[in-house]
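Single-structure report; data block below.
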Amino acid sequence: MKRESAGGVRGWRPATEEALYGPSGFYRRPEGPAGHFRTSVHASPLFAGAVARLLCLVDEALAHPAELAFVDMGAGRGELVTGVLKALPAEVASRARGYAVERAARPAGLDHRIEWLPAPPADVTGLLFANEWLDNVPLDVAEVDAEGTARLVLVREDGTEVLGEPVAGAEAEWLARWWPLAGTPGSPLPLPEAPDGPPTPEDLPEEVRPPAAGLQGPAQGLHGPYDPHAGEGLRAEIGLPRDAAWAAAVASLGRGLAVAVDYAHFAGARPPFGTLTGFKDGRETAPVPDGSCDITAHVALDACALPGARLLSQREALGALGVSGERPSLALASTDPTAYVRALAGAGEAAELTARGGLGDFGWLLQPVGIPDPLPGGERPST
Ligand SMILES: C[S@@+](CC[C@H](N)C(=O)[O-])C[C@H]1O[C@@H](n2cnc3c(N)ncnc32)[C@H](O)[C@@H]1O
């Protein structure tokens, strides 16, 4: 299938690959991800503390191995692995070995005991944790044309788009299985009923509404607003490379637990216009693949899941790991004002990590490898 042309138009996957990880790519910049956006890792040390508790549960399930690995997958500047190693009880810390897996260069001043690697270490025993990694694994985008055909979206370096070849092969199979586009031949999805008058984004349920007007590109489709009669303009992000990246990361573990945490959506509630967007200097921006901004799309985490996996929200997962946004009792304020102020600050940070409409809605994909699922609570898979 033709994806690149002499005119500098190519699929979103190769365009994003170069824009993020090429020689002048966004993730090669010295300021690192924290210079542009806040993840749970930056929001509060409570997050690293909770992941350290999860590592202790994995340690127990592994019967306390002589060497316990913590693999920070897509490590940014190594902030999570640094925080996790610091938060471990001394006995566990004495057996723990920290790995940061990152495409960017090792930052100066990182604890020399942390190994900095371009790919996960093979056959280790412990916890592999990928916070906001998969949303940065580049993928292609499909859009339904006026005839109801799903076509690859091609993009220029300035972010303008054109439709390319029809989606075919394994990518078409992935769409049919995980993100069927209404209006395309063979789609099991009925076209939505036409409301009175022309449809607007407000006609859609809140959770699938495109971002506010003013953002270029991702929510609108190339041919204007959503047309419920033709399906024209509906978009999907083809998660195949993420499924493969996750499977490879899981396969690197000899025994233990692999966890992916990300903005997620699930079958039956995919966002009709996709989620591809940009971030720069702390603000959402148009996704322009020129190296100036992050380019990210939410993750179809259910498609990534391998047999034996469990999916839960960050709110549920952190709750099971003892992070709660409960305020301290007022009685503490009179008996120990310093402890009260500290507890109040902690409750505020916990509330941010577990907030509805925010970080608390992130998905956690838990993938045990050769051990029982060590996290208490939540739904277990039936298979
Ligand atoms: C959004 S940042 C998240 C950083 C950190 N995990 C956090 O939560 O703050 C995603 C990171 O994943 C890295 N990354 C993307 N693909 C990777 C790969 N295949 N191997 C290693 N790192 C990768 C990027 O360079 C970037 O630093």
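Counting from 1, the numbers follow the sequence of the chain as shown. Every number for a ligand or one of its atoms is a count from 1 in the order of the listing.
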**OP:** Identify, by atom number and element, the atoms of ligand 1 in contact range of G76, meaning under 4.0 Å from any of its heavy atoms.
**Re:** 4 (C), 27 (O)
Original post:
Does ligand 1 have a heavy atom under 4.0 Å from the side chain of V41, from its backbone, from both, or from neither?
Top reply: side chain
Original post:
Among protein heavy atoms, which lies nearest atom 1 (C) of ligand 1, and at what distance?
Top reply: N136 OD1, 3.0 Å
Subject >> Main-chain N/O of A142 paired to R151 side chain as donor or acceptor, under 3.5 Å >> reply: no
Original post:
Is E17 salt-bridged to R10, cutoff N-O under 4.0 Å?
Top reply: no
Subject >> Test: E237 and R242 ion pair at under 4.0 Å >> reply: no
**OP:** Among all protein heavy atoms, pick out the one at the shortest distance from atom 7 (C) of ligand 1; state its residue, atom name and that distance to 0.1 Å.
**Re:** T39 OG1, 3.4 Å
Original post:
Just going by heavy-atom distances, which of Y21, F47, F279, F129 is nearest to atom 15 (C) of ligand 1?
Top reply: Y21
Subject >> Nearest-option assignment for atom 2 (S) of ligand 1, heavy atoms, candidates R28, E132, R103 >> reply: E132
**OP:** Could you tell me whether a side-chain N or O of E102 sits under 3.5 Å from a main-chain N or O of A104, the two making a donor and an acceptor?
**Re:** yes
**OP:** Quick one: sort the F129 and F47 rings into parallel, tilted or perpendicular, breaks at 30° and 60°.
**Re:** perpendicular
Original post:
Looking only at N/O atoms, are G74 and ligand 1 under 3.5 Å apart anywhere?
Top reply: yes
Subject >> H42 neighbourhood, listing ligand 1 atoms whose heavy-atom distance to it stays under 4.0 Å >> reply: 9 (O)
Original post:
Salt bridge or not for R38 and E352, using N-O below 4.0 Å?
Top reply: yes
Original post:
Quick one: does W133 get an N or O within less than 3.5 Å of an N or O on ligand 1?
Top reply: yes
**OP:** Among all protein heavy atoms, pick out the one at the shortest distance from atom 8 (O) of ligand 1; state its residue, atom name and that distance to 0.1 Å.
**Re:** N131 ND2, 2.8 Å
**OP:** State whether R356 and D361 are salt-bridged, where the test is any N-O pair (Lys NZ or Arg NE/NH1/NH2 against Asp/Glu carboxylate O) under 4.0 Å.
**Re:** no
Subject >> Any donor-acceptor N/O pair, D135 side chain to A297 backbone, under 3.5 Å >> reply: no
Subject >> E79 heavy atom under 4.0 Å from ligand 1 >> reply: no
Subject >> Shortest protein contact, atom 24 (C) of ligand 1 (heavy atom only) >> reply: E102 OE2, 3.5 Å
**OP:** State yes or no: are the ring centers of F362 and Y263 separated by less than 6.0 Å?
**Re:** yes
Subject >> Proximal ligand 1 atoms for F37, defined as those under 4.0 Å from one of its heavy atoms >> reply: 1 (C)
